[in-house]
Amino acid sequence: MPLLSCCVCGFPSSSKRHQNQGAWRTPTNEYGKKLQIVFIGLDGSGKTSLLYALRHPPPRPDQPQADGALRAGRHSASAGDFSDAVWIEGNSHRGAKGQSAQAASELAELGNIAPPPNLKTVTIPLRVGGTELIAVDTAGCRAERDSWRSSVTGADAVVLVIDSSDALRLPVARHELWKLEGVLRDMPGPFLVLANKQDIRGAMNTDSVRDMLQLNELESVIGGSCATKPCTAVDRSTIEAAIDWLITVTVTASSCKDK
Ligand SMILES: Nc1nc2c(ncn2[C@@H]2O[C@H](COP(=O)(O)OP(=O)(O)OP(=O)(O)O)[C@@H](O)[C@H]2O)c(=O)[nH]1
């Protein structure tokens, strides 16, 4: 018999994911507690750049950005933009959250926060479309990827960021993703793959990224959907749309439990 999917959350109606939607909803704000979204992805895939883009207010029409929003982005990332971030120490991390480390040293220079030199994850408060989020930016370097498992456990939603312009590293991303298969199976919330760097000529489209990551197979293994959305850190609206969608799936679907 075919699995019936919920028309709201897309998960099979009999799945743990569908039934757990809304488990986190409490009366503390419009939707409940702050959603915690964990961002994972290989080093250089663009996690911190995307989060910076989300934090950064869109440019005013009368104030055109200097070429490359990215350059004005995290690298020069004004310390103030991450001044309420929480810097979490990692044991073996050797500065692979490189630009976070740069932002961190800028913070330190300003005497704002004195982050530890070995950063592992950075927790950043965000507001997207009126919803308050806690974004967890993990380190993507090889030495830190095993810690994704603990970062992902208990998250409301997980986002895997892919550098779509780097087909050569897709098998590595696939390998790391499939190592999380068990955690994703137990996770109540949605899982989203962001095919980042769509501004780069020759970047793979979402279908190719899906194929390379074997997401159709993963969906049947974890019993839930793995959505794929295109985005680029150069255009804030693309990441905002993707995260908006993620919030809608997580939040709106909370009502599906009652249907
Ligand atoms: N052209 C382009 N460059 C991007 C985009 N997103 C990120 N980058 C660049 O890719 C590089 C890596 O981005 P990061 O945000 O540091 O990647 P990360 O995933 O946080 O990397 P780690 O901290 O090492 O795990 C930087 O030079 C960014 O400017 C994008 O959408 N388009």
Side-chain angles (χ1 to χ4, degrees), residues 37-56 58 65-79 81-82 85-90 92-107 115-124 126 135-149 151-152 158-170 172-173 175-177 180 192-206 209 213 228-243:
I37 303 182
V38 176
F39 286 72
I40 57 173
L42 300 185
D43 45 301
S45 56
K47 301 176 292 296
T48 310
S49 302
L50 290 173
L51 289 171
Y52 180 84
L54 275 177
R55 273 293 285 259
H56 204 60
Q65 293 240 302
D67 62 308
L70 283 182
R71 248 190 303 133
R74 178 168 81 143
H75 303 285
S76 54
S78 62
D81 284 314
F82 285 123
V86 176
W87 309 86
I88 299 172
E89 191 168 357
S92 59
H93 186 55
R94 290 186 292 275
K97 217 42 270 146
Q99 289 150 359
S100 296
Q102 180 172 331
S105 68
E106 288 171 349
L107 282 170
N118 47 350
L119 303 173
K120 192 170 181 180
T121 61
V122 184
T123 304
I124 302 163
L126 287 175
V136 178
D137 183 10
T138 61
C141 66
R142 192 174 190 167
E144 293 303 334
R145 290 177 205 151
D146 282 344
S147 68
W148 290 355
R149 176 180 293 275
S151 301
V152 160
V158 175
V159 176
L160 170 69
V161 179
I162 296 293
D163 179 347
S164 318
S165 72
D166 191 356
L168 286 179
R169 291 186 85 205
L170 254 288
V172 181
H175 175 71
E176 297 296 342
L177 168 63
L180 297 174
L192 170 66
V193 174
L194 286 179
N196 189 32
K197 306 199 185 182
Q198 290 296 317
D199 57 295
I200 296 180
R201 188 194 294 262
M204 284 175 292
N205 61 24
T206 49
V209 169
L213 295 177
T228 317
K229 305 257 175 220
C231 72
T232 162
V234 179
D235 180 355
R236 182 184 196 263
S237 65
T238 60
I239 169 71
E240 206 167 31
I243 299 302

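In this chain, numbering begins with 1 at the start of the sequence shown. Start at 1 and go down the list; that is how both ligands and their atoms are numbered.
Of all the atoms in ligand 1, the ones that sit under 4.0 Å from a non-hydrogen atom of L42 are 19 (O). Contact atoms of ligand 1 toward I200: 1 (N) (distance under 4.0 Å to a heavy atom of the residue). Atoms of ligand 1 lying under 4.0 Å from at least one heavy atom of D199, given by number and element, are 1 (N), 2 (C), 30 (C), 31 (O), 32 (N). Taking every heavy atom of N196 and a limit of under 4.0 angstrom, the matching atoms of ligand 1 come to 5 (C), 6 (N), 31 (O). For ligand 1, the atoms lying closer than 4.0 Å to a non-hydrogen atom of S49 are 6 (N), 7 (C), 13 (O), 14 (P), 15 (O), 28 (C). Heavy-atom contacts of T48 reach the following atoms of ligand 1: 15 (O), 20 (O) (cutoff under 4.0 Å). Near G140, meaning under 4.0 Å from any of its heavy atoms, are these atoms of ligand 1: 25 (O).
Residues L170 and M204 have side chains in contact (heavy-atom distance under 4.5 Å, counting atoms from C-beta outward). Under the 4.5 Å side-chain criterion, counting only non-hydrogen atoms from C-beta, R55 is in contact with I124. Between K47 and V38, the closest side-chain pair of non-hydrogen atoms is not below 4.5 Å. The shortest distance between side-chain heavy atoms of T206 and K229 does not fall below 4.5 Å. In this structure the side chain of I37 reaches within 4.5 angstrom of the side chain of V159, judged on heavy atoms. With a 4.5 Å cut-off on side-chain heavy atoms, L42 and R145 count as touching. At a threshold of 4.5 Å between non-hydrogen side-chain atoms, the residues L180 and L160 do not count as touching.
By the 4.0 Å heavy-atom criterion, G41 is excluded from the residues contacting ligand 1.
The side chain to side chain contact (heavy atoms under 4.5 Å, CB included) test with I162 singles out one residue from N196, L213, L194, T228, and that residue is L213.
When only interatomic distances are considered, the shortest N/O to N/O separation between K197 and ligand 1 falls below 3.5 Å. For ligand 1, one of its N or O atoms has an N or O atom of G46 under 3.5 Å away. Polar contact check, A233 against ligand 1: a nitrogen or oxygen pair lies under 3.5 Å apart. Considering backbone and side-chain atoms alike, D137 places every N or O at 3.5 Å or more from each N or O of ligand 1.
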